[in-house]
2 protein chains.
Amino acid sequence: MAKLQKSIEKKEALINATIALVNNDGFHAAPMSKIAKMANVSPATIYLYFESKQDLVNQTYLEVKNAFTTYAFEAYDEQMAVEASFKMIWFRIAEFKFRDCERGLFLAQCDNTPMIDEESRQEGIKNLKPLLDLWKKGKEQGIIKPVSDYLLYAYTVNPLSYLMMVKKRNAFVPTEENINEAYQLAWDSIKLT
Amino acid sequence: MAKLQKSIEKKEALINATIALVNNDGFHAAPMSKIAKMANVSPATIYLYFESKQDLVNQTYLEVKNAFTTYAFEAYDEQMAVEASFKMIWFRIAEFKFRDCERGLFLAQCDNTPMIDEESRQEGIKNLKPLLDLWKKGKEQGIIKPVSDYLLYAYTVNPLSYLMMVKKRNAFVPTEENINEAYQLAWDSIKLT
DNA sequence: AAAAAAAGAATGAACATTCATTTTTTATAT
DNA sequence: ATATAAAAAATGAATGTTCATTCTTTTTTT
């Protein structure tokens, strides 16, 4: 058990190092040697936990994506009204992205580049099911505009990725007030009235 | 003159090859040798036009960003009403991104990764001035919600990048109708009243 | 003392960049 | 116009480095 414990710690350290280095330098400038150093581990040790660099990045992506969606949907209850559910999920997503900016950015980079395998990406997308179900219900009840889920995503969740990015670059550090405004923009764009 | 002509052709071929390879494989898997081959040029020749790989990517970014904004604002006339101007610009941006998907995607990748130098990125952002001016006017006239330009961008222009990406992956190929819906979502989110 | 985990050094491939030559273009003189 | 030499552009083959990965040895755990 002590062994397993130790292993998990190392694996996490490697994943964290990967996130930090890929965020700051990009995949192309995040060599295994640097990742190992940051995780306080020998380069050879990485290969006890991951098959290859590609595998390391894929697993990091899935790990973060899971943490993200778990947090986003944690308090979701199908019994709740559509608008209230959406609001809650939206704010939890915002919270995750702004609190754990590093992880949010890493996801954005994975989603916008050919960095990870298509297979892992597909796997990651499955996590969004609860949100899609909610939208389905919202459309059926005439609360949400009857447009493609891709459009709904583009105008509600995705803007948060952009805002997180400008925050990372210190171009715009959103306040509590800004987050509320952002929610209003998101909801105003998809609500049916 | 014939010489200069030829040079420009080569440079353009190199830029196009860079866009195609970076889009498909990512920066880290787009070696100079491959770029040279795709442009029908010797690797050594690249260095007659660009200082380094970094310079090649930076210049490609700026070239595409300029083409993008030139197209977007080409027909913009400050005399026009705010709403009409915005609509026109929005549709031109959409047109560029969906027609020249390769270039649009390349920009998205540059904007979401540490691929290009911060300096070049700053340079590219300056091109957006006309849109910011328009928003300023719109806010003054009480037509557009009085929120940060970053929010307005996140909820109007940026969603198009996401939609372009899902199109590239063939997950969702937007129709004319979808584009109109998208515009409506964009406008509904930022319009006042 | 056997097995597992970790390490550092070694390996070989891939890469960005440069070098030495060749080809093409331009300018000049007939 | 044509021939020729200087200049510029382009090339394929080096060069030296960096990197992912593996190998051998050491340390830690069981």
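Chain letters run A, B, ... following the sequence lines, proteins first, then strands; residues in each count from 1.
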Which whole-number value in Å describes the distance from [X] [atom1] to [N] [atom2]?
X: B:E51; N: C:dT18; atom1: CD; atom2: C1'; value: 15 Å
X: B:F50; N: C:dT18; atom1: CZ; atom2: C1'; value: 18 Å
X: B:K10; N: C:dT24; atom1: NZ; atom2: P; value: 10 Å
X: B:K34; N: C:dC15; atom1: NZ; atom2: P; value: 8 Å
X: B:D25; N: C:dC15; atom1: CG; atom2: P; value: 11 Å
X: A:L48; N: C:dA4; atom1: CG; atom2: P; value: 13 Å
X: A:E9; N: C:dA5; atom1: CD; atom2: P; value: 15 Å
X: A:M32; N: C:dA7; atom1: CE; atom2: P; value: 14 Å

Margin query: If only side-chain N and O atoms count, and only distance matters, is there a donor-acceptor pair under 3.5 Å linking A:Q184 with B:K145?
Written below: no
Item checked: Lys/Arg N to Asp/Glu carboxylate O, A:K65 vs A:D111, below 4.0 Å -> yes
Notebook entry, point to check: Near DNA chain C, which residues from residues 37-47 of chain B have a heavy atom under 4.0 Å away?
Noted result: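 Close to the strand are B:A44, B:Y47.
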Note to self: Ring of A:Y61, cation from A:R121 - is the NZ or CZ under 6.0 Å from the centre and inside 45° of the axis?
What the structure shows: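 A:R121 over A:Y61 ring: no.
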Notebook entry, point to check: Are the side chain of A:D117 and the backbone N or O of A:E119 linked by a donor-acceptor pair below 3.5 Å?
Noted result: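 Looks like no, no N/O pair under 3.5 Å.
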Next item on the list: Could you work out which one of C:dT17, D:dA10, D:dC19 sits closest to the side chain of B:Y49?
Entry: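 Closest nucleotide to the B:Y49 side chain: D:dA10.
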Check: Of the nucleotides D:dA20, D:dT11, C:dT17, which one has an atom closest to the side chain of A:K53?
Finding: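 Closest of the options to the side chain of A:K53: D:dA20.
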Next item on the list: First locate atom CG of A:L14, then atom CD1 of A:I19, and finally report the distance between them rounded to the nearest 0.5 Å.
Entry: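 Between A:L14 CG and A:I19 CD1, I get 11.0 Å after rounding to 0.5 Å.
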Notebook entry, point to check: How long is the span from the CG atom in A:L56 to the CD1 atom in A:I35, to the nearest 0.5 Å?
Noted result: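 The CD1 atom of A:I35 is 5.0 Å from CG of A:L56, to the nearest 0.5 Å.
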